[in-house]
Amino acid sequence: MVAERQEDQQQRRRRRRSCGVPVLLVLYLGYVGLGAGVLQALERPVEVQAAQHLLQQHWELLANHTCLQGPDLQRLIEGIIQAYKSGVTIQGNTTNLGRWDFSGSFFFSISAVTTIGYGNLSPSTVAGRIFCILFALFGIPLNLVLLNEIGQLMLLGVQRCAHRLEEVFHWQKKTSLLIKTCALVTGLLLFLLLPPLLFSDKEGWSYEEGFYYSFITLSTIGFGDYVIGMNPDRTYPGWYKNVISLWILFGMAWLALVIKFCINFLESSSDFCQCNKKSTEMAEVMDGNKNNKMGLHSVEICNDKNRKPKLDESHTCTAPAEAL
């Protein structure tokens with residue numbers, strides 16, 4: 001009877017899993033569709049307005065400068081766009097270089113192996129593209145190993161602080177919760193809340209833009225609409241991009257640690273629910289077995305009473321009930 005119940009439970013779990021995937025897929029598509037609808041409502045009017053403004057400036061330029069032909073202007077615009085993609089900008093009568101110096105190349109290498117991929121800068125030569133493929137092929141696993149080790153060191157530090165406080169104050173549950181909260185708050189300050197102040201000073205961004213860049217970067221989304229060190233009108237110190245590269249590395253490790261905490265919390269909650277469910281099922285099974293024993297024992301007692309004159313000397317009918 002226990003085996004039948006276990007088989008029924010396994011069948012129910014299989015049915016739930018088979019039904020859960022379509023439901024989860026529908027929720028996922030619905031969530032993505034909701035995001036698409038909201039973004040379209042927010043961003044589409046601005047896109048149309050910008051396109052109309054650009055077209056108006058184009059025709060005004062051709063009208064004010066009759067010697068300038070439409071195809072020539074189009075070629076000039078395409079040349080400027082291509083130069084900007086290569087990291088070259090025009091400042092007066094000169095050009096501004098600096099995206100492929102050592103600090104810029106170092107920052108590009110970090111964005112490649114961390115899979116951020118801003119998209120604002122990319123190799124333009126065949127040799128550079130081939131090297132980028134090979135470099136990322138070995139660099140991405142190395143980056144994952146390094147992030148895992150940094151995250152483990154952070155976790156070890158949090159656990160040591162928790163044990164030290166437990167020994168000093170004899171707190172157990174409160175200490176663990178306090179240390180995790182402190183680690184979360186410290187990481188928020190170092191990697192999300194304070195860096196926008198630096199970006200506001202060096203890039204001229206607002207705090208909201210700096211916070212947006214911080215989250216988009218550390219989460220490896222990397223849209224490329226905001227990238228540090230790309231404004232030709234500003235002068236950046238030599239340490240700036242290198243420090244930001246280290247910030248990206250440790251910030252991603254901290255974010256991975258936070259995600260690990262969340263996964264452990266969900267797994268512990270799931271195990272707790274499954275343990276309670278199993279204990280309830282075992283209690284039901286034990287109650288069923290107990291009732292069966294009591295029923296069989298009552299039957300044996302009744303039979304003993306009816307057959308007592310004949311079976312006083314050789315009565316052994318209660319043994320099967322005790323075996324059960």
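Side-chain contact check for K202 versus I228: every heavy-atom pair is 4.5 Å or farther apart. Within the 4.5 Å cutoff, side-chain heavy atoms of L193 are placed close to those of Y207. At least one side-chain heavy atom of Y118 sits under 4.5 Å from a side-chain heavy atom of F107. Taking 4.5 Å as the limit, some side-chain heavy atom of I140 sits within range of a side-chain heavy atom of T115. Under the 4.5 Å side-chain criterion, counting only non-hydrogen atoms from C-beta, W247 is not in contact with L198. Contact check for F108 versus C132: side-chain heavy atoms found under the 4.5 Å cut-off. Within the 4.5 Å cutoff, side-chain heavy atoms of M154 are placed close to those of W254. Side-chain contact between Y212 and F199 is absent, with no heavy atoms from C-beta onward closer than 4.5 Å.
The list of side-chain hydrogen bond (donor to acceptor under 3.5 Å, both in side chains) pairs with a residue in residues 128-152, not counting sequence neighbours, is empty.
Cluster annotation: L156 and V258 are assigned to distinct hydrophobic clusters (Ile/Leu/Val/Met/Phe/Trp/Tyr, side-chain heavy-atom contacts under 4.5 Å, transitive). Each of I133 and I116 belongs to its own hydrophobic cluster when Ile, Leu, Val, Met, Phe, Trp and Tyr are linked at side-chain heavy-atom distances under 4.5 angstrom. The cluster map of Ile, Leu, Val, Met, Phe, Trp and Tyr, joined by side-chain heavy atoms under 4.5 Å apart, puts W239 and V227 in the same cluster. Side-chain heavy atoms closer than 4.5 Å link hydrophobic residues (I, L, V, M, F, W, Y) into clusters, and following such links, even through other members, never connects V46 to L39. At a threshold of 4.5 Å between side-chain heavy atoms, the hydrophobic network of Ile, Leu, Val, Met, Phe, Trp and Tyr places L144 and L146 in two separate groups.
In this structure, K241 NZ and I248 CD1 are separated by 11.5 Å, a value rounded to the nearest 0.5 Å. In this structure, T217 OG1 and I244 CD1 are separated by 9.0 Å, a value rounded to the nearest 0.5 Å. The structure places CG of L184 at 4.5 Å from CG of L188, a figure rounded to the nearest 0.5 Å. A distance of 5.5 Å separates CG in L194 from CG in L189, rounded to the nearest 0.5 Å.
Between L147 and M252 the shortest heavy-atom distance is CD1-CE, 3.8 Å. Summarising the geometry of P195 relative to S214, their closest heavy-atom pair is CB-OG, 4.1 Å, with the distance given to 0.1 Å. Nearest approach of E203 to R234, heavy atoms of both residues: O-NE, 3.3 Å.
When each of L54, L55, V48 is checked for a side chain to side chain contact (heavy atoms under 4.5 Å, CB included) with Q52, only V48 meets the rule.
With respect to the salt-bridge test (charged N to carboxylate O, under 4.0 angstrom), the residues E47 and R44 qualify.
Residues V113, F135 make up the rest of the hydrophobic cluster containing F131, defined by ILVMFWY side-chain heavy atoms closer than 4.5 Å, directly or through other members. Hydrophobic side-chain contacts under 4.5 Å tie V38 into a cluster, directly or through other members, with L34, L42.
The closest donor-acceptor contact from the side chain of Y236 to the backbone of N231 lies under 3.5 Å.
With 3.5 Å as the limit, one finds no donor-acceptor pair spanning the side chains of H53 and Q49.
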Please determine whether side-chain contact (heavy atoms from CB on, under 4.5 Å) holds for the pair L218 and F191, giving the CA-CA distance in whole Å, both sets of side-chain angles, and the decisive distance to 0.1 Å.
CA-CA 8 Å; L218 296 184; F191 301 116; 3.9 Å; yes

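For F215, the CZ atom sits in a loose shell: 12 or fewer heavy atoms of surrounding residues, nucleotides or ligands are nearer than 6.0 Å.
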